[in-house]
Protein chains: 2
Amino acid sequence: MKVLTKNTDYAIRALLALAAEKGSYLSAKAIASGQDIPYQFLRRLLQEMIRHNLIVSKEGARGGFMLEKDPDAITVTQLIEIFQGKVQVSECMFRKQICGNRSRCVLRHEIMRIEQVVQSEFEKVTIGKLLRDLEAANRK
Amino acid sequence: MKVLTKNTDYAIRALLALAAEKGSYLSAKAIASGQDIPYQFLRRLLQEMIRHNLIVSKEGARGGFMLEKDPDAITVTQLIEIFQGKVQVSECMFRKQICGNRSRCVLRHEIMRIEQVVQSEFEKVTIGKLLRDLEAANRK
DNA sequence: TTATTTGATACCAATTTAGTATCAGTTAAT
DNA sequence: ATTAACTGATACTAAATTGGTATCAAATAA
Ligand code: FES
Ligand code: FES
């Protein structure tokens, strides 16, 4: 069971690169080579993050991407939601479709609790926190 | 992001049916129709659970399946591991392959912590617990 | 002997994940 | 004005995973 897909993994690394470059534009090419992410794949992820107002871009030569939001306001939970959909332990209860035993479903209760736990754990992890950890590790 | 796949979902429901039928054999057909699980699909799941010593079977007419382990000793974590592989937040660190930035990876630490949290939450949920919840709900 | 049931596999379809390619439009620098 | 370096948008493909079906042999109770 793999919780984070490449989408999210790459997005996190890209945001870290942008957060480190605070204030100036960084090109997709530079991020891709620096973080070892497939270029065209990364470009799509960046577009998606623009749509969600996490970053902004400047077109043309010397253009690139820049962080828009406060790094501490970007949580891994948000990124999971963008790239993998909302955290849901079991599917059935989010659909109107009756799951056959919904009425006597004991799982539902447990499931919702665990969903909350997972979500809130990933909420504690922000780009800002990761960046500080990264910088601390590099100083050593 | 869907945490439990149909595999695990169905397995849990099948085990609940077996736990409720404690001591006697229940056929795949009966479980399938009772829990609304595709018959052939379920059969494969049951075989897999035999291999993991969660249940035993008796062949032939009037045969079926019976719970082998104590219901309280069967956790959802175990079922996830059987049907979806071990819980791992991000892939890279379980492979020898160097992930490019493993040396300066700040995610690894956070990831391992969250893995532990998720795993231990699902460990709290046993078939025994679910069965008791179910029975309590039915008495109401 | 026959109906019922598991054991073992092989197969298939749908979905999701990962990655590539292409072309149009924008901008900085010369 | 031209060109090189970029992003925007989108279409496409390949691989892996998930969900589901079908088949046939062997066992066993009636
Ligand atoms: S609501 Fe679907 S298994 Fe419970
Ligand atoms: S060890 Fe791979 S991203 Fe960290």
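Computation of the quantities below employed the complete heavy-atom set of this structure, encompassing side-chain atoms and omitting hydrogens, waters and symmetry-equivalent molecules. Here is how names work: the chains are called A, B, and so on, in the same order as the sequence lines, proteins then strands, and each is numbered from 1.
Within the nucleic acid shown, B/Y39 comes within 4.0 Å of at least one base atom, counting heavy atoms only. B/I50 comes within 4.0 angstrom of sugar-phosphate atoms only, judged by non-hydrogen atoms across all strands, and of no base. Using a 4.0 Å heavy-atom criterion, one finds that B/Y10 contacts the sugar-phosphate atoms exclusively.
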Would A/Q119 and A/K86 satisfy side-chain contact (heavy atoms from CB on, under 4.5 Å), going step by step from the backbone distance to the final call?
CA-CA 9 Å; A/Q119 223 162 8; A/K86 203 164 169 61; 3.4 Å; yes
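Relative to the side chain of B/R62, the nucleotides C/dT6, C/dA21, D/dA29 differ in distance, and D/dA29 lies closest. Of the listed nucleotides (C/dG19, D/dT7, C/dA8), C/dG19 has the atom at the smallest distance from the side chain of A/F41. With D/dA22, D/dG19, C/dT5 as the candidates, the nucleotide lying closest to the side chain of B/Q40 is D/dA22. If you check D/dC24, C/dC23, D/dA26 against the side chain of B/E59, the one that comes closest is D/dA26.
In terms of position on DNA chain D, the residue among A/A61 and B/A61 whose nearest nucleotide sits closer to the 5' end is A/A61. Mapping A/Q84 and B/K29 onto DNA chain C by nearest heavy atom places B/K29 at the nucleotide closer to the 5' end. The nearest heavy atom of DNA chain D to A/L26 and to B/L42 marks one nucleotide each, and the one closer to the 5' end goes with A/L26.
Of all the heavy atoms in A/G128 and A/D72, the pair that sits closest is CA-OD1, 3.4 Å.
Checked by atom type and distance alone, the side chain of A/T77 pairs as donor or acceptor with a backbone atom of A/E123 at under 3.5 Å. Looking only at distances, no side-chain donor or acceptor of B/T8 sits under 3.5 Å from a matching main-chain atom of B/I80. A donor-acceptor contact shorter than 3.5 Å links the side chain of B/E115 to the backbone of B/V89.
What separates NZ of A/K58 from C1' of D/dT7 is a distance of 12 Å, to the nearest Å. The CE atom of A/M66 sits 16 Å away from the P atom of D/dC6 (whole-angstrom rounding). When the P atom of D/dT10 is taken as reference, atom CG of A/L46 falls 17 Å away, rounded to whole Å. Here the C1' atom of nucleotide D/dA26 and the CZ atom of B/R43 are 12 Å apart, to the nearest Å. The nearest whole Å value for the distance from the CG atom in A/N7 to the P atom in C/dT20 is 14 Å. Between A/K6 atom NZ and C/dT20 atom C1' there is a gap of 17 Å when expressed in whole angstrom units. What separates CG of A/D36 from C1' of C/dG19 is a distance of 14 Å, to the nearest Å. Atom CG of A/L45 is separated from atom P of C/dT20 by 13 Å (rounded to the nearest Å).
The phosphate of C/dA18 (OP1 or OP2) has a side-chain N or O of A/T5 nearer than 4.0 angstrom. Checking the phosphate oxygens (OP1, OP2) of C/dT6, no side-chain nitrogen or oxygen of B/Y25 falls inside 4.0 Å. The side chain of A/S27 places no N or O atom within less than 4.0 Å of a non-bridging phosphate oxygen (OP1 or OP2) of D/dA5. Taking 4.0 angstrom as the limit, A/K2 places a side-chain polar atom (N or O) nearer than this to OP1 or OP2 of C/dA18.
Hydrophobic clustering (ILVMFWY, side-chain heavy atoms < 4.5 Å, transitive): A/Y25 and A/L54 are in distinct clusters.
A donor-acceptor contact under 3.5 angstrom links the side-chain atoms of A/R44 to the base of C/dT20.
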